[in-house]
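In what follows, a structure is listed as structure tokens, so that the remarks can point back to it.
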Amino acid sequence: YYCYPKVREFARGDLVVFYEPKKEGGRGAAIGAAVVLEVAIDTPVALHSRFSNLGIYQLSDVNAHANTAGNAMAIRFGLFEPFEKPVALTRIREFLGNATNIQGLTPISRDPYERIRTEGLGES
């Protein structure tokens, strides 16, 4: 996953929820969960060279995420679990707090992560 390098607090072992916004026909819900395996901030050329074997992105795609210093961020995830039942934003906010903006990249602490994950997997 490539993105603009504005979230520096991501680290190996962080728990994340993948949220699909409502725009362009999206569901407005969390659709899966994963664990961060690796985070790197570097030039698009270096990141693409390092991670291109893991995905479908071209160098031009990575270039689109570069900041004014010429760097982009790559995040490698593992243990991805697609949700059987997408978890709506209103429900996520019940677990994380009403001011939560899950649409950006934000590490989530274990307890709310497990509540969202359990509900999404249909285990609640």
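We number each residue from 1, following the sequence as shown. Predicted model only: the values in this text are computed from it and were never measured.
By the 4.5 Å heavy-atom criterion applied to side chains, Phe77 and Leu37 are not counted as neighbours. In this structure, the side chains of Val35 and Val16 stay at 4.5 Å or more apart for every pair of heavy atoms. At a threshold of 4.5 Å between non-hydrogen side-chain atoms, the residues Thr118 and Glu123 count as touching. By the 4.5 Å heavy-atom criterion applied to side chains, Glu38 and Val36 are not counted as neighbours.
Atom CZ in Phe95 sits 11.5 Å away from atom CD in Glu114 (nearest 0.5 Å). In this structure, CG on Asn53 lies 9.5 Å from NE2 on His48, to the nearest 0.5 angstrom. The CG atom of Leu47 sits 7.5 Å away from the CZ atom of Arg50 when rounded to the nearest 0.5 Å.
Of the charged side-chain nitrogens involved, at least one lies within less than 4.0 Å of a carboxylate oxygen, so that Arg91 and Glu119 count as a salt-bridged pair. Using a 4.0 Å cut-off between a side-chain N of Lys or Arg and a carboxylate O of Asp or Glu, Glu81 and Arg117 qualify as a salt bridge.
Minimum interatomic distance between Tyr2 and Ser52 (heavy atoms only, all atoms of both residues): OH-N, 4.1 Å. Between Pro112 and Leu96, the shortest heavy-atom distance links the atoms CB-CD2, 3.2 Å. When all heavy atoms of Ala30 and Val17 are compared, the pair lying nearest together is CB-CG1, 3.2 Å. Here the closest non-hydrogen pair linking Ala72 and Pro5 is CA-CD, 3.9 Å. A pairwise comparison of heavy atoms in Pro44 and Asn63 identifies CB-OD1, 3.0 Å as the closest pair. When all heavy atoms are compared, the tightest approach of Arg110 to Leu15 is CA-CD1, 3.7 Å.
Of the possible donor and acceptor atoms, none in the side chain of Glu20 sits under 3.5 Å from a partner among the backbone N and O of Gly26. Panel note: side chain Ser49, backbone Val45; no donor-acceptor pair is recorded below 3.5 Å. With hydrogens and angles ignored, the 3.5 Å screen pairs no side-chain donor or acceptor of Asp42 with any backbone N or O of Ala46.
Checked against Tyr19 for a side chain to side chain contact (heavy atoms under 4.5 Å, CB included), the options Ile116, Leu89, Ile31 give a single hit: Leu89.
Hydrophobic clustering (side-chain heavy atoms under 4.5 Å, transitive across Ile, Leu, Val, Met, Phe, Trp, Tyr) groups Leu121 together with Leu79. The hydrophobic cluster containing Val62 does not contain Ile41, counting ILVMFWY residues as joined when their side-chain heavy atoms lie under 4.5 angstrom apart, directly or transitively. Note on Val39 and Phe80: same hydrophobic cluster, where clusters join Ile, Leu, Val, Met, Phe, Trp and Tyr whose side-chain heavy atoms are under 4.5 Å apart, directly or indirectly.
In summary, the aromatic rings of Tyr57 and Phe51 are positioned with their centroids too far apart to meet the 6.0 Å limit. Aromatic ring centres of Phe83 and Phe18: separated by at least 6.0 Å.
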